[in-house]
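All remarks here apply to the structure that follows.
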2 protein chains.
Amino acid sequence: MKKPRPAVIADLLEKPGHLIRRAHQFSVAVFEDLAARDRITAPQHVVMTALFKHPGIDQVTLANLVALDKVTTGTIVSRLERRGLLRREQSMQDRRARVLLLSEAGRQLLLQMQQTVRQSQANLLANLSAAEGRELVRLLRKLIGAEPARPRRSSGRSRAARQ
Amino acid sequence: MKKPRPAVIADLLEKPGHLIRRAHQFSVAVFEDLAARDRITAPQHVVMTALFKHPGIDQVTLANLVALDKVTTGTIVSRLERRGLLRREQSMQDRRARVLLLSEAGRQLLLQMQQTVRQSQANLLANLSAAEGRELVRLLRKLIGAEPARPRRSSGRSRAARQ
DNA sequence: TTGAAATAGTAACAATACTAACTAATGAGA
DNA sequence: TCTCATTAGTTAGTATTGTTACTATTTCAA
């Protein structure tokens, strides 16, 4: 006799999609808990980090680096510019493009936030052992198709980074 | 001699917070890819699923079930109500509360979407082996503090489900 | 060289997601 | 019973995130 199939619809806590949303929600909350003092959100921090490592890139390159839509990247950049944390200059080579540079204030803020950021990553993984944390990172990279195999190249082929 | 510490700032693909955001982005894109035809977003589907399993609950109870803010839950519910997928009635017991029920159209749509939903979960985990998928689910549950240990009780203590 | 395709950026729109502040109703203790 | 804290829901405001559509510019190919 067949099992009666009590629920056609699976429990939410079994669904990877739902769990990933919960994890994201948790991650954002943990970050903001510590970074609220500096009035920096997680994506703003990611953008600043990318500009720290790659000064002078344009918005589309930046969008690909951080895996955000170019429109989203544009609004985040605007907000940071309004706060004076980065500068936006006409590119000499391409008059369509805008060259992005962290301002001195932006650089200072980013460096000063390092301890905070490390702490928030630790809080995020607090419920996991060190090995589990590493395994989670590995699985997430594999899930999104960002294999560590390829030596450099980045960008990957993540669906949403299409433009 | 010390290693020169080439980058103060870690690579984004090492940071669990960034990877979780990427995974969430990917998850949403995969779901919408299949569910766009029904014009149902992932959170709308989660809300409908919860109402299917728990008909007649109020908005705050629903918000706790799906781990969303009560405001967000309210706007999603409004949108579904406007489309006729659920009904909202005054509660007899508590005149502040609104009792939520899936309409017949909502029930039909939800059931009809089951195959789509299963497929999108499969697509989401396509890069992982079955064992890796299960491990990811386990780690995410542990991360957000929703242990399978406790037999029933749910709700957990997720930071963002505070209200 | 010129005309079409591609690209960088923006604008307008929609949906999620949260906080803070509010209204209305409930409930519990003095 | 009266007051006050709590609770259900909404409104307003901010931010992220995406789509589609548009302008300006560049590039490539006929």
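Per chain, numbering begins at 1; letters A, B, ... match sequence-line order.
Distances from the side chain of B/Q44 to the nucleotides C/dT19, D/dT20, C/dA15 place C/dA15 closest. Here the nucleotide nearest the side chain of A/D58, chosen from D/dG18, C/dG9, C/dA15, is C/dG9. Relative to the side chain of A/T75, the nucleotides D/dT17, D/dG9, C/dA8 differ in distance, and D/dT17 lies closest. Checking D/dG9, C/dA17, C/dA20 against the side-chain heavy atoms of B/T72 singles out C/dA17 as nearest.
With respect to the salt-bridge test (charged N to carboxylate O, under 4.0 angstrom), the residues B/R83 and B/E81 do not qualify.
Take the nearest nucleotide of DNA chain D for A/D94 and for A/H24: the residue whose nucleotide is more 5' is A/H24. Along DNA chain C, the nucleotide closest to A/R21 and the one closest to A/S78 are compared, and the more 5′ of them pairs with A/S78. Each of A/R95 and A/R82 was assigned the nucleotide of DNA chain D with the nearest heavy atom; the assignment lying further toward the 5' end belongs to A/R82.
Of the side-chain N and O atoms in B/Q93, none sit less than 4.0 angstrom from OP1 or OP2 of C/dT26. Contact between the side-chain N/O atoms of A/R88 and the OP1/OP2 oxygens of C/dT10 is found at a separation under 4.0 Å.
In this structure, CZ of A/R83 is placed 14 Å from P of D/dT14, rounded to the nearest angstrom. Taking atom CD1 on B/I76 and atom P on C/dA15, their separation rounds to 11 Å, with Å as the unit. Between B/R96 atom CZ and C/dT26 atom C1' there is a gap of 4 Å when expressed in whole angstrom units. To the nearest angstrom, P of C/dT10 lies 12 Å from CG of A/L62. Taking atom CG of A/D69 as the reference point, atom C1' of C/dG9 lies 12 Å away to the nearest angstrom. Protein atom CZ of A/R22 is 16 Å distant from nucleotide atom C1' of C/dT16, rounded to whole Å. In this structure, B/Q90 places its CD atom 13 Å from P of C/dA24, rounding to the nearest Å. Taking atom CD of residue B/Q25 and atom P of nucleotide C/dT16, one finds them 17 Å apart after rounding to whole Å.
Among the heavy atoms of the strands, none lies under 4.0 Å from A/E32. Using a 4.0 Å heavy-atom cutoff across all strands shown, A/S91 reaches no nucleic acid atom at all. Residue contacts for B/R39: at a heavy-atom cut-off of 4.0 Å it reaches no nucleic acid atom on any strand shown. The residue A/T41 sits close only to the backbone: its heavy atoms come under 4.0 Å of sugar-phosphate atoms, none of a base.
Under a 3.5 Å cut-off, the side chain of A/R39 and the backbone N or O of A/R37 do not form any donor-acceptor pair.
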B/Q115/B/Q119 under side chain to side chain donor-acceptor pair (under 3.5 Å): CA gap, chis, key distance, verdict: CA-CA 6 Å; B/Q115 184 52 39; B/Q119 184 61 55; 4.6 Å; no
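B/T61 and B/D58 share a side-chain donor-acceptor pair at under 3.5 Å.
Smallest separation of non-hydrogen atoms from A/L102 and A/M48: CD1-O, 3.7 Å. Taking all atoms of both residues into account, the shortest heavy-atom contact from B/E14 to A/V137 is O-CG2, 4.2 Å.
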